[in-house]
Enquirer: 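Okay, handing you the structure first.
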Amino acid sequence: MKWKKSHRLFKRACELIPGGVNSPVRAFRAVGGKPIFIDRAKGSKIYDVDGNVYIDYVLSWGPLILGHAHPKVVNALKKAIENGTSYGAPTSLEIKLAELVLKAYPSMDKIRMVNSGTEATMSAIRAARGFTGRDKIIKFEGCYHGHADGLLVKAGSGATTLGVPDSPGVPKSYARNTVTLPFNDIIAIKTVIKNDWKSIACVIIEPVVGNIGCVLPKSGFLESLRKLTKDYGIVLIFDEVMTGFRVSYGGAQAHYGIAPDMTCLGKVIGGGLPVGAYGGKKEIMSMVSPEGPVYQAGTLSGNPLAMTAGIETLKILSKANTYKRLENIAALLEKGLIDAAKKAGVKTRFYRAGTMFCNYFTDTDVVDYKTAKTSDTVKFSKFFSGMLRRGVNIAPSQFEAGFISLAHTEKDIEKTVRAAYRILKEL
Ligand code: KE4
């Protein structure tokens with residue numbers, strides 16, 4: 001693989017943009033080397049500026065569940081753009097996307113479109129605080145809910161990867177209202193809530209944690225959390241920015257049968273364009289401006305292009321057998337990678353929820369932030385580099401999830417597993 005053009009572009013980018021990237025994890029800091037610059041993408045493949053092609057399991061960190069440049073999405077966007085890009089006024093497209101999402105997430109009565117997952121979670125928390133009149137929030141170690149100040153406390157994703165779970169620039173006063181507990185530890189959360197429920201507005205959780213890799217809830221954990229928060233009038237927010245329409249069409253809440261008070265979405269519902277959303281019970285959402293006093297706004301919220309991409313994506317996802325096909329491909333990859341590691345004699349733990357997954361280089365069951373960190377990141381880096389050289393693009397960090405799309409084929413999986421085995425046996 002030659003990466004001359006990528007390296008030249010990266011050098012120039014570093015003169016203009018912090019770390020040469022517009023989002024930290026893209027800089028390959030966790031795996032060493034320099035990032036590849038992408039020229040285009042189609043289906044399950046991405047093509048870099050040096051003409052190399054890769055099977056893509058990053059899929060823009062989740063949104064491209066149909067695969068890149070799906071013809072129906074591209075054609076719909078081509079038509080939509082002829083009508084302009086944004087009006088700053090309501091359109092019927094926002095109603096259409098809201099209807100599709102609310103039908104798939106019956107726990108929500110109303111929904112507000114925003115432009116990112118960060119906006120969705122920070123706004124949901126503000127609405128929960130406005131609704132309860134309480135200030136504190138509970139989050140879980142390793143969960144990442146975007147980069148709003150009060151949430152960068154033992155955050156996952158880039159914050160974990162960069163080993164700076166508590167970011168500078170966040171005033172102590174903000175962090176003081178954020179309680180961070182271990183994921184899957186119901187005793188810890190019971191203790192905190194019993195002692196301090198009068199000041200706790202909400203619990204925000206990734207029902208499947210996609211920002212320390214892929215960590216599944218222990219059986220009964222989400223159910224206990226639901227009961228506890230209901231008993232104490234605490235708003236339960238499911239951050240399904242990553243799990244939404246990915247763990248199943250109805251997200252993790254449908255998969256595990258839990259109805260949160262609020263849900264945050266993003267990624268898939270924008271079909272690759274910037275969309276986030278938050279919603280919930282009408283008594284909470286009626287607090288949101290202009291219906292209620294909790295202020296939240298956005299210049300490009302609900303813009304017609306992003307709505308169009310989201311609508312087309314969900315229309316295709318809602319077709320019968322879509323998730324059966326996604327499940328078959330994902331299960332094929334899971335089996336292949338587990339067998340390859342076993343054959344190569346490398347200790348790994350593979351976890352998957354629908355079409356999001358993670359392969360940890362550890363011999364410890366991964367159930368939370370602490371156990372995820374037992375993974376051998378040096379081995380992971382070698383695995384990452386070997387896969388990239390063999391034309392397979394996985395997340396450039398052990399603490400990120402991988403994703404499958406409708407465009408991935410059995411042939412892609414075979415090539416991926418063959419490459420993985422070759423690298424694993426050299427580790
Ligand atoms: P954005 O603001 O990046 O759209 O969404 C923030 C967010 C919120 N909640 C969850 C569960 C998320 O996974 C994210 C963002 N995910 C990361 C990937 N781990 C985005 C990739 C990046 O930061 O570049």
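One-based numbering, in listed order, for ligands and for the atoms of each.
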Enquirer: Parallel, tilted or perpendicular: which describes the rings of Phe380 and Phe361, with under 30° parallel and over 60° perpendicular?
Expert: perpendicular
Enquirer: Closer than 4.0 Å to some heavy atom of Ser116 - which atoms of ligand 1 meet that?
Expert: 2 (O), 4 (O)
Enquirer: Could you see which bit of His147 sits under 4.0 Å from ligand 1, with heavy atoms only: side chain, backbone, both or neither?
Expert: neither
Enquirer: Side chain or backbone of His145 under 4.0 Å from ligand 1, or both, or neither, by non-hydrogen atoms?
Expert: backbone
Enquirer: Does atom CD1 of Ile17 have more than 12 heavy-atom neighbours, drawn from other residues, nucleotides or ligands, at distances under 6.0 Å?
Expert: yes
Enquirer: Pick one of side chain, backbone, both or neither for how Val25 approaches ligand 1, counting any non-hydrogen atom pair under 4.0 Å.
Expert: side chain
Enquirer: For Glu206, take its heavy atoms, then give the atoms of ligand 1 lying under 4.0 Å from any of them.
Expert: 11 (C)
Enquirer: Considering residues, nucleotides and ligands other than Lys382, do more than 12 of their heavy atoms fall under 6.0 Å from its NZ?
Expert: no
Enquirer: Please check this pair: side chain of Arg390 against backbone of Ser385, looking for a donor-acceptor N/O pair closer than 3.5 Å.
Expert: no
Enquirer: Applying the side chain to side chain contact (heavy atoms under 4.5 Å, CB included) criterion to Lys139, which one of Val203, Ile204, Ile125, Thr121 satisfies it?
Expert: Ile204
Enquirer: Specify side chain, backbone, both or neither for Glu400, according to which of its non-hydrogen atoms lie closer than 4.0 Å to ligand 1.
Expert: side chain
Enquirer: Within the 4.0 Å heavy-atom shell around Gly146, which atoms of ligand 1 are there?
Expert: 6 (C), 7 (C), 8 (C)
Enquirer: Out of Gly213, Ala148, Gly117, who is nearest to atom 4 (O) of ligand 1 when you count heavy atoms only?
Expert: Gly117
Enquirer: With heavy atoms of Ser23 as the reference, note each atom of ligand 1 found under 4.0 Å away.
Expert: 22 (C), 23 (O), 24 (O)
Enquirer: So, is Asn211 polar-close to ligand 1, with some N/O to N/O distance under 3.5 Å?
Expert: yes
Enquirer: Between Tyr360 and Phe350 (judged by ring centroids, cut-off 6.0 Å), do the two rings come close enough to count as a pair?
Expert: no
Enquirer: Counting heavy atoms only, which of Glu240, Met242, Lys267 is nearest atom 15 (C) of ligand 1?
Expert: Lys267
Enquirer: Between Tyr57 and His408, is the ring centre distance below 6.0 Å?
Expert: yes
Enquirer: Name the option, out of Thr118, Asp239, Ile212, that contains the heavy atom nearest to atom 2 (O) of ligand 1.
Expert: Thr118
Enquirer: For the ring pair (Phe, Tyr, Trp, His ring centres under 6.0 Å) test, which of Phe245, Tyr249, Tyr278 pairs with Tyr105?
Expert: Phe245
